[in-house]
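First the structure, in the form of structure tokens, and then the observations on it.
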Amino acid sequence: MHLRRLWLRDFRCYEQAELVFDEGLTALLGPNGHGKTNVLEAIGYLASLSSFRGAPNEALVRAGATQAIVRGEVDNAGRSVLIEAEINAVGRGRVQVNKQRLPRARDLLGALRVTVFSPDDLELVKGGPGLRRGFLDDTLVSLHPRYDALRSDLDRVLRQRNTLLKQAGGRLSDDVATTLDVWDAKLAESGEALAAARTELVDRLRPAMAGAYDRVAGRHAEVAAVYQRCWGDGSLAEAVAASRRDDLRRGLTLVGPHRDELALSVGALPARTHASQGEQRSLALAMRLASHEIVLAETGTAPVLLLDDVFSELDPARSDALLANLPVGQAVLSSAAGLPQGAQPGRVYRVEHGHLAVAPAA
Amino acid sequence: MAVYAGPVQDLIDELGRLPGIGPKSAQRIAFHLLKLPRDDALRLARAVVEAKERVSFCTRCFNIAEGDACAICTDPRREASVLCVVEEPRDVVAVEKTGEFHGRYHVLQGAISPIEGIGPEQLRVRELLARIEPEGVQEIILCTNPNIEGEATAMYLAKLLGALDLQVTRIASGLPVGGDLEYADELTLGRALEGRRVLDTG
């Protein structure tokens, strides 16, 4: 799978832009704040219909415009796929694939897959457990769209159940009890399914992560990843039942996969608190590389790599190791500090003040 | 934000309260109505008043009805022993179009959804229970929507009705008839696989 062309209209700082991508490496070079990441963000938008920076839709539309359009031509095993996304500052957007309007955003999943590396990835290791759960869920969705449905089902059940708990005001009337029974059953059903999927995914990620870590760090370390259910080994249904009184008092659902953790360790010490900054960076890169590897193995197509200014954050040894160990396939990188040593892009764009110019390839 | 003179703004506000009508549409419809010949506008107003005064909910099944009971409840050819439970009157129309169902309906007027402030007591559940004995109901088909709220409502009713001596069934989910498998979305096709059945090979 590779992206051939990208057209932007009123997206972020771009009024109009057109880019052609190399089948191998394309580099976007230029000072910070001039629009390099915006190009990567637009590519990411075509894959997931959301910004990997977590920006809301209205932030993607150029100031003064009401609608942004991102179009991308993807080559999927020789077949040309045109993805067109209309992003509205107010209201819902629209998506078309090969000029056919998609009834549901979910139908787009799989038309273009990306793996994003960004400087914020360090937070995967250092930040709260929600980011790690999000990492697992995003990888699951890349593997199969049914996980997108599972995730949104669970979100909806949690919202309904939490609202009911708040409405109850701490008292358990018969009416509340019978209605709560129903939401408990729904929570147990989708919660067990998501936790099982995440556990299975972590079992597959673990060896890939350990291998990638050694390659990026340039030396061997014991890297472990363990999925921890917040309710232990028993059934979620029992745990939810046992937690009912506390849930009612707090007006919140206190057990479920929305409170689980992906525990990471380097050399048998918890990575979040005990690993050095360098180890944390290597681990974050290893997580992204492992996720990429598993999506490639499962779907048979390599996701497009989006490398958002990651090399400038790395010391020279890690930067070289990452570049040497990049998976085969298409990659688009942005850099404010010039090309990393050894990178051989087939195409280079200079990005300045929201203008793109083709520069001679290195 | 009142921008227009009193009655015009009132009209826009009222239209804006309708489902699926935002402020822009409300404004457009309001100005369209103002341009209409007087008779056309009055005809619309009369239709609203007439519908509101003559149409109400069936006292038995809570479908829309002219008078006390709806056309289905008063039809002697309908079987009283089978009840199809749906969320909204428009679902009755959908099931009726199939021509496959010859029993009666019970309209819950919603589905359990704490976010919208709807619990079992806001639905016509008590009225459903009250019908079972006197009408001699033997089967209840739970025909709520196949989404989270519809499934939760079906589960709630199944538990409630489980103690009674009658059959409770849930409609199946599956593929649209006359379509091609390749165009089915993964979720529907997955559900259809789950709900597969044995073919008679004899």
Side-chain angles (χ1 to χ4, degrees), chain A residues 66 88 90-92 97 100 102-110 141 143-169 173-191 193 237 247-248 251-253, chain B residues 20-26 85 87 108 110-126 128-129 142 144-164 168 170 173 176 179-180 182-194:
Chain A
T66 55
N88 290 314
V90 183
R92 291 161 63 110
V97 171
Q100 294 287 316
L102 296 183
R104 278 176 308 252
R106 194 177 285 154
D107 296 332
L108 174 74
L109 297 172
V141 173
L143 292 175
H144 200 289
R146 71 169 165 269
Y147 295 114
D148 187 52
L150 184 56
R151 176 163 65 172
S152 56
D153 276 5
L154 182 73
D155 284 349
R156 187 122 189 107
V157 169
L158 282 173
R159 272 177 46 211
Q160 292 282 21
R161 191 174 185 275
N162 288 341
T163 310
L164 183 62
L165 289 168
K166 284 196 188 78
Q167 285 166 358
S173 65
D174 283 355
D175 258 352
V176 171
T178 40
T179 323
L180 206 48
D181 282 346
V182 171
W183 294 112
D184 287 5
K186 289 262 136 213
L187 170 62
E189 188 185 309
S190 48
D247 284 12
L248 269 166
L252 264 181
T253 301
Chain B
I21 307 228
K24 285 256 173 70
S25 304
V85 177
E87 291 178 19
L108 293 170
I112 296 179
S113 173
I115 294 172
E116 293 163 84
I118 302 176
E121 50 299 346
Q122 276 76 39
L123 301 176
R124 302 293 180 177
V125 175
R126 226 172 301 118
L128 169 66
L129 295 179
L142 300 175
T144 51
N145 287 329
N147 55 24
I148 292 284
E149 290 75 18
E151 294 285 354
T153 308
M155 194 189 271
Y156 174 83
L157 290 175
K159 277 193 174 187
L160 205 61
L161 300 166
L164 305 173
V168 181
R170 173 90 176 108
S173 328
D180 289 328
E182 62 169 327
Y183 293 124
D185 70 287
E186 291 96 339
L187 291 175
T188 308
L189 192 49
R191 281 279 197 96
L193 270 173
E194 264 173 41

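Naming convention: chains lettered A, B, ... in sequence-line order (proteins, then strands); numbering from 1 in each chain. Being a predicted model, the structure only gives us computed values, none of them experimental.
Within 6.0 Å of CG in D180(B) there are more than 12 heavy atoms belonging to other residues, nucleotides or ligands. For R170(B), the CZ atom is densely surrounded, since the number of other residues' heavy atoms within 6.0 Å is greater than 12.
When the candidates I112(B), I115(B), N147(B) are compared by the number of heavy-atom contacts under 4.5 Å with chain A, I115(B) comes out ahead. Comparing T179(A), V157(A), V176(A) by heavy-atom pairs within less than 4.5 Å of chain B, the highest count is held by T179(A). The most heavy-atom pairs under 4.5 Å with chain A, out of P120(B), G22(B), G119(B), S113(B), come from S113(B).
From Q160(A), atom CD reaches atom CD1 of I118(B) across 9.5 Å, with rounding to the nearest 0.5 Å. In this structure, the separation between OH on Y156(B) and OG1 on T178(A) is 4.5 Å, given to the nearest 0.5 Å. Taking NZ of K186(A) as the start and CD1 of I148(B) as the end, the distance is 5.5 Å to the nearest 0.5 Å.
G117(B) and Q167(A) make their closest contact through CA-NE2, 4.1 Å (heavy atoms, listed as atom of the first residue, atom of the second, distance).
E121(B) contributes no side-chain N or O that, together with a main-chain N or O of D175(A), makes up a donor-acceptor pair within less than 3.5 Å.
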